[in-house]
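Here is the structure we will look at.
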Amino acid sequence: MKSTIKNSLILSIALCAGVAAVSQAFTTEVRPAQAEIQTVSIVAKRMTEQEKIAFDTDSAEVQQVIVAARRMNAEEKFAYDQQFSVNQKLAQKSANGKAI
């Protein structure tokens, strides 16, 4: 089999890629030492009752809620009631630990 420089170059690149892939497969993962793991400390002072009330009311903004609805017919009411009772039963079963 006669090989040219081009074929030799292609084969050597493929061989190097194969060796690199095999060596990568057997490389173990290095985890950082315990000293390198960063820790976060959160420090806060205890608020007084007045500070708590001031904090709660400071961010309380008036919000507007828009409720849009339409009147249901008898069939829709019946279907809604049926679905509500099924949901109630499922919630009761899951609360008792008998979820399906």
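Being a predicted model, the structure only gives us computed values, none of them experimental.
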Compare all side-chain heavy atoms of Asn7 with those of Thr4 and state whether any distance is below 4.5 angstrom. yes
Between Glu51 and Thr48, is there a donor-acceptor pair closer than 3.5 Å when you use the side chain of the first and the backbone of the second? yes
CG on Asp81 to CZ on Phe78, rounded to 0.5 Å: 8.0 Å
Atom pair CG (Leu15) and OG (Ser8), whose distance is rounded to the nearest 0.5 Å: 12.0 Å
State, with a plain yes or no, whether a side-chain heavy atom of Glu76 is found less than 4.5 Å away from one of Arg70. yes
